[in-house]
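Down below is the structure, laid out as structure tokens.
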Amino acid sequence: MPNINMQRILVVDDDPDILLSAQIILKNEFADVLCIENPAELEETLSHFEPDVVLLDMNFTRGLVGGDEGLYWLSKIKGFDPNIQVVMSTAYGEVELAVTAIKQGAADFVQKPWLNEKLVATLKACAKISVSTREIEMLRDSHQAFSVTKPATDSPDLIGQSPAFQSVLELISRVAPSDANVLVTGENGTGKELIARAIHQQSQRAKGPMVSVDVGALPSSLFESEMFGHAKGAFTDAKNEKPGKFELASGGTLFLDEIGNLELDIQAKLLRALESRSITKVGGTRSIPVDIRLISATNVSREQLSDTDQFRSDLLYRINTVEVNIPPLRERQEDIPLLLSHYQTIFGNKYGRTDTYISSATLEKLTSYRWPGNIRELKHATERAIIVASSNELKTENFLSEVPSASSHREDFNLEVLEQRVIEDALTAFGGNMTKVAKALGLGRTTLYRKMEKYGINSE
Ligand SMILES: Nc1ncnc2c1ncn2[C@@H]1O[C@H](COP(=O)(O)OP(=O)(O)OP(=O)(O)O)[C@@H](O)[C@H]1O
């Protein structure tokens with residue numbers, strides 16, 4: 001099974017200076033970056049390098065500016081593997097050409113000279129799509145195997161005994177069979193996708209597909225053709241009709257991740273499909289009914305999502321018939337030792353180190369650490385600890401590069417998180433005496449109460 005997190009970029013440009021600058025800008029951002037000067041080597045390179053994204057020059061022959069060469073190589077790449085995302089590298093004033101390239105299957109374009117940040121962001125967004133597409137394919141494969149080998153109602157391994165996590169599990173067991181649209185909220189790495197999968201597997205649609213789409217990483221220009229599909233001949237390169245994610249998920253669940261990041265015009269298109277329970281392919285005329293259960297996820301706070309300048313209230317109303325909020329790990333510290341032991345076993349088996357142990361002092365430190373990246377961070381930290389520990393004892397520094405002290409919280413710069421933390425620390429310091437806490441924080445008591453209510457802080 002390929003490692004879907006390894007993002008590989010291929011840069012094709014006949015200018016050695018451009019290739020050198022691409023190598024410098026991209027090498028720290030992606031797992032693998034390969035640069036080639038001669039597009040004639042493209043097909044050979046594709047077969048052994050297997051890139052997620054190709055950054056492709058428009059013109060290779062000096063003096064030629066028509067862009068035909070770029071379009072030619074674009075069609076070669078798409079013909080080799082339609083899942084490879086191609087970003088066209090265009091000179092100033094070639095926007096029209098770039099639009100033609102997009103109609104012929106390119107994912108996006110960047111203008112030379114590049115703005116480094118824009119180049120990296122564009123390539124990252126496209127690499128994410130390529131990874132999601134591969135994930136869907138793997139999911140489809142494993143889904144087929146899954147329905148044969150496992151009972152459809154099996155849930156993925158969801159570790160957690162804390163009351164907070166148990167109430168999440170209880171809620172999803174009630175919601176899953178109902179077919180209601182669910183909005184899963186929570187910070188990054190709290191397990192939103194895993195919970196969505198559990199809902200699907202406990203639902204009456206468990207035998208159908210679950211199709212996940214990271215809509216936040218989908219460029220607006222691609223949203224419609226990816227989600228609704230396209231008709232044959234919709235654009236020059238659309239040789240065949242292609243189904244979109246809505247159709248692929250029909251009879252099952254459509255999981256839309258990072259829904260809080262959708263542009264407003266895209267939100268309108270999504271809402272139309274959800275309301276009419278049908279889609280029309282790009283370039284098509286027929287309205288096709290789709291039967292999906294929608295699960296969405298976001299790490300955007302409820303407050304931001306309710307801001308009608310950023311998110312349509314009618315769409316919010318439609319997607320969150322039921323909201324499932326997954327609390328961050330720091331609010332369910334009881335689960336930390338369980339998760340550490342779970343991943344210690346998994347990675348111990350993977351790396352042949354089944355004899356490791358964690359002392360109670362280390363366990364205490366790891367339990368009081370705030371884990372800003374939540375379970376994903378804990379999982380990666382445990383893997384790292386198993387790999388780097390020089391003896392069987394897994395020490396704190398094997399897990400965390402910066403050993404936390406009570407006052408070091410430098411890993412998190414989110415103002416709301418910091419505000420919540422300062423209020424909590426002040427409450428502890430003054431034994432819950434609200435007058436003293438308010439005075440120390442420079443707030444009125446009413447404001448303090450309002451903020452405590454907002455963050456769900458108890459004064460006891
Ligand atoms: N309760 C849990 N028990 C065991 N592993 C978990 C649990 N929750 C999450 N994980 C693991 O943590 C990692 C992150 O989970 P997931 O991708 O579902 O989080 P997420 O909230 O969707 O993240 P993001 O917001 O970044 O997309 C995954 O490897 C997942 O298997």
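These numbers come from a predicted model, not from an experiment. Atoms within a ligand are numbered from 1 in the order they appear, just like the ligands themselves. The basis for the numbers below is simple: all heavy atoms, side chains too, and nothing from hydrogens, waters or symmetry mates.
When only modelled atom types and interatomic distance are considered, Tyr369 and Glu377 share a side-chain donor-acceptor pair under 3.5 Å. In summary, the side chains of Gln344 and Thr356 do present a donor paired with an acceptor at a separation below 3.5 Å, with no hydrogens or angles considered. Defined by atom type and a distance below 3.5 Å, a donor-acceptor pair is present between the side-chain atoms of Glu383 and Tyr351. Between Asp291 and Ser250, the side chains place no donor N or O within less than 3.5 Å of an acceptor N or O (distance only, hydrogens not considered). Defined by atom type and a distance below 3.5 Å, a donor-acceptor pair is present between the side-chain atoms of Ser162 and Asp335. Side-chain atoms of Gln202 and Ser173 form no donor-acceptor pair, as typed in the model, at a separation below 3.5 Å. Glu187 and Asn299 share no side-chain donor-acceptor pair at under 3.5 Å.
Residue Gly191 places at least one N or O, backbone or side chain, under 3.5 Å from an N or O of ligand 1. No N or O atom of Phe165 sits closer than 3.5 Å to an N or O atom of ligand 1. For ligand 1, none of its N or O atoms has an N or O atom of Ile375 under 3.5 Å away. Between Leu194 and ligand 1, at least one N/O pair is under 3.5 Å apart.
Assignment of Gly189 to the shell around ligand 1 is supported, since a heavy atom sits closer than 4.0 Å. Using 4.0 Å as the threshold, Thr190 has a heavy atom nearer than that to some atom of ligand 1.
Comparing heavy-atom distances from atom 28 (C) of ligand 1 across Lys379, His380, Arg376 singles out Lys379 as nearest.
Closest protein heavy atom to atom 1 (N) of ligand 1: Ile159 O, 3.0 Å. Closest to atom 22 (O) of ligand 1 among all protein heavy atoms lies Glu193 N, 3.1 Å. Remark: minimum distance from atom 20 (P) of ligand 1 to any protein heavy atom is reached at Lys192 N, 3.4 Å. Ranking the protein heavy atoms by distance from atom 27 (O) of ligand 1 puts Asp257 OD2, 3.6 Å first.
Close approach to Leu339 involves these atoms of ligand 1, each under 4.0 Å from a residue heavy atom: 3 (N), 4 (C). Counting the atoms of ligand 1 from 1 in the order shown, those under 4.0 Å from a heavy atom of Tyr343 are 4 (C), 5 (N), 6 (C), 10 (N), 11 (C), 31 (O). Close contacts between ligand 1 and Asn188 involve ligand atoms 24 (P), 25 (O), 26 (O) [criterion: under 4.0 Å to a heavy atom].
Between Phe228 and Phe246, the ring-plane angle classifies as tilted under the 30° and 60° cut-offs.
When each of Ile375, Ile159, Ile386 is checked for a side chain to side chain contact (heavy atoms under 4.5 Å, CB included) with Tyr343, only Ile375 meets the rule.
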